[in-house]
Amino acid sequence: MNSGQDLSTELREHVLQAAAEDKRLELLGGGTKRFYGHPTTGVPLEISGHRGVVTYEPKELVMTVRAGTPLAWVEQALASEGQMLPFEPPHLGDRATVGGTLACGISGPRRPFTGAVRDFVLGARIINGRGDILRFGGEVMKNVAGYDTARLMAGSLGTLGVVLDVSFKVLPLPERELTLSRECSQPQALAEMNRLAGRPLPLSGACYDGRRLHIRLSGSSLAVAAGKNHIGGDEGHSQQLWQDLRELSLPFFNSPQPLWRLSVPASAPPLECTDKQFLDWGGAQRWLVSQAPPESIRTMVEKLGGHATLFRGGTRNQRIFHPLSQPLMILHQRLKQAFDPKGLFNSGRLFPEL
Amino acid sequence: MPTNDPVKGAGKIDTPALVKALRQFLPNAAVITETEALRPYECDGLSAYRQIPWAVVLPETVEQVCQVMSLCHHWQIPVVARGAATGLSGGALPLADGLLLSLAKFNRILNIDPIARTARVEPGVRNLAISQAANPYGLYYAPDPSSQIACTIGGNVAENSGGVHCLKYGLTVHNVLELKVVTPDGHLTTIGGPALDSPGYDLLAIMNGSEGMLGILVEVLVKLLPCPERAQVLLAAFDDVERAAAAVGEIIAAGIIPAGLEMMDGLAVRAAEDFVHAGYPTEAAAILLCEIDGTNEEVSDHIRRARDLLLKKGATEVRTAQDDDERIRFWKGRKSAFPAVGRLAPDYYCMDGTVPRKRLPEVLTRIGALSREYDLPVANVFHAGDGNLHPLILYDANRPGELRRAEDFGADILELCVRVGGTITGEHGVGHEKIHQMCVQFSAAELEQFHRVKAAFDPSLLLNPGKAIPQPKHCAEYRTLARDTLVPPGERSKAAG
Ligand SMILES: Cc1cc2nc3c(=O)[nH]c(=O)nc-3n(C[C@H](O)[C@H](O)[C@H](O)COP(=O)(O)OP(=O)(O)OC[C@H]3O[C@@H](n4cnc5c(N)ncnc54)[C@H](O)[C@@H]3O)c2cc1C
């Protein structure tokens, strides 16, 4: 764990040099999520050497860690103190880093019940496109001094700056965890997931694999036992299910066809579409394997109040993320400009316009 | 009184013409310009700072808000939004040459969706009203500022407000899904949506806590949570403030995340007891209120564990609320602590720094020492589980120099928070009040970045100008002149003139 090194100065030099030479950079952590978003051109700027846990005090429930630190280290360090990153980020490979986790902003099955990456960001240090090293937020639980710029980094796909380090709020590992499963139809599964989410139960996962509904309970042994009585169903050995769902390594995700991630209200009705689906997040995240024209998928999802991302596969030079309304796109362009006036970082990765 | 750079204003414009233009689309009564009628709008909850606005408008429809903004944009008139004005940092403090835009008429709950577990409300809806409307469905809105009977959801979003239950259930930013926002040039846009995330940048993160500087909120979609099966509260008394503060960290470290974990020192305990008869132990140096919620059996178990731990960590007495009535009474004491302390002196000044939990004992001791040095009493009532302090400085504005001394004392507390790794504001915002201390917490480059974010949303800088983010130039002056750290505490008022 102590094999960390601080490359802030070197990284800053690289940014300044790129700015001076008007050269674009591709910010690169472990490369495990390089497929995500639009392809970007630019000289790779390797962040993975900038690694190590800066501070970790289990009693404070806070960890500050350099962006290049492998996610696996972080999770190990936390687990050895009985704690975890509550948003269950997918690794999608051995080399996943903390910086990439923040930049992609992808959260696992626990997300609707405990929160997303962005919900646990307390602070961040970044290098903006002018080469300034800036610190926003901090290591305390509440902080409203200035705009919440640290949280803005979550999901920005490295287009606003080089993240140097992040402070996360962490949580104790649940005392007990179990999964209940039962067979049902998709409409039944959706109704049940929404019904349960409205009850005071220690839910930490709710997914439907096309055949069976799986409900995960986490918390104190007593709460989990009470939840089990309320819900019923078979208790499975399903740790692996959630792990595989988090890592998108279930057979469902192996299809060569385009994989769409649909983010919709959990209470939205079943999709008007017969392609293969996997429902996670209690119905709020619906994975779809489909060859259907992107436009028809986007229209269908918009009607439900959601948005669609071409997560993996398909041709990557078409729109990946759901198009923004014009006023929002203008705002995005101005924000990009505010952080990275020369467009150095991950140009076009989030939207071709940025 | 903090000052920032001068701003553009209505001074240069033709008042009758502008009033006429506003009355084209607003009823006469919704445009106020007479001084006496403007007076109720001169301050927010931080009444030490007052300013009569140039005019007040009270639109009733989103369309009217768009028209107001577009008109002000055309005439380049600054606009300050106002909810219930319970803010404690002068965020809604008007500008002499600006328009005050009250959202008071936007007070309808548009929809409660018990299946989706959301509430769609207008910005002027009171915080508590949301939970009341959701209650029949077994749901509630979690962030509960102590001002919840009065403050509005629009103000909550603008400040990213917290409350007793935020320790476990998050701040406003964690509980808002979608915002309808009127831009400074009068267009309606939607940020976020009914799904759990949206494409592109996390603009909700920026809007929450943006202190009315980036857009006018005209509709808010919030998450509702299921009411817990059971909630139980412990009251632990201590004969030493440091010991009480140290116990806070121990509870969290034991893996128990209470729904709320609040601390009150002796002065606050006695004030609250006199005010609402909560049944507090008035001889205690400090009390902790620790609420545990969850399933029935879980609550019993955690209460037992928390109780043992508190006794082990030096509590002289631990009481469990016997019934719901007593639980409500325990919380009533806490929730009315500000006004209760307010009865002890003609004026009080509420601070809002946050520190790492482990630094609480030393910070409280240091605040006690400062209180003696400044010769002003201080009461502490705060969100201990989050390390969010609320020292209440008691003073008398009618005594020459006392307000100034209270301000300096407050500034010292905030700078102390920054020194121990914390922040100058946990939930009340920077507003007009803490603009100087922003210079202590942020570098010039960081402030410049904030200004660029502001300009991305509001290129003409018309929304709440001069608040929240100081000009770096102003900071340079502040650092060298007014707050020279070599000036011993208490000497500062004299040194600064
Ligand atoms: C006794 C007391 C106890 C308190 N306890 C707490 C507490 O526990 N936790 C906490 O966080 N705060 C607390 N506060 C502070 C205050 O209540 C909160 O900041 C609250 O969110 C302010 O809401 P408001 O409607 O009164 O907003 P206002 O004071 O009217 O405005 C606050 C800010 O929001 C902006 N604003 C308001 N409405 C809009 C809108 N529609 N669009 C854009 N901007 C807008 C204003 O311009 C201003 O900058 C307390 C205050 C008091 C007096």
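Each chain gets a letter, A, B and so on, in the order the sequences are listed, and its residues count up from 1. Keep in mind the model is a prediction, meaning the values are calculated, not measured. These values consider heavy atoms only, across backbone and side chains, with no hydrogens, waters or symmetry-generated copies.
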Considering only heavy atoms, which portion of Arg118(A) lies under 4.5 Å from any heavy atom of chain B: side chain, backbone, both, or neither? side chain

Contact class of Leu354(A) relative to chain B, heavy atoms under 4.5 angstrom: side chain

Okay, Ser263(A) and chain B: the region with an atom under 4.5 Å from a heavy atom over there is both

Could you work out, with side-chain contact (heavy atoms from CB on, under 4.5 Å) as the rule, every residue matching Asp119(A), not counting sequence neighbours? Arg111(A), Ala116(A), His174(B)

Who are the disulfide bond (SG atoms under 2.5 Å apart) partners of Cys66(B), not counting sequence neighbours? none

Gap between atom NE2 of His302(B) and atom CG of Asp293(B) - 0.5 Å precision: 10.5 Å

Centroid-centroid under 6.0 Å between Trp281(A) and Phe113(A) rings: no

Residues of residues 148-156 of chain A with any heavy atom under 4.5 Å of a heavy atom in chain B: Asp148(A), Thr149(A), Arg151(A), Leu152(A), Ala154(A), Gly155(A), Ser156(A)

Indicate yes or no: does Lys59(A) engage Glu250(B) in a salt bridge with an N to O separation below 4.0 Å. yes

Contact class of Ala145(A) relative to chain B, heavy atoms under 4.5 angstrom: both

Note: Arg261(A)-Asp197(B) ion pair, threshold 4.0 Å (strictly below): yes

Under 3.5 Å, side-chain donor or acceptor atoms of residues 185-195 of chain B against the rest of the protein: list the pairs with distances, not counting sequence neighbours.
{"unit_1": "Asp185(B)", "atom_1": "OD1", "unit_2": "Thr183(B)", "atom_2": "OG1", "d": "2.5"}
{"unit_1": "Thr189(B)", "atom_1": "OG1", "unit_2": "Val181(B)", "atom_2": "O", "d": "3.4"}

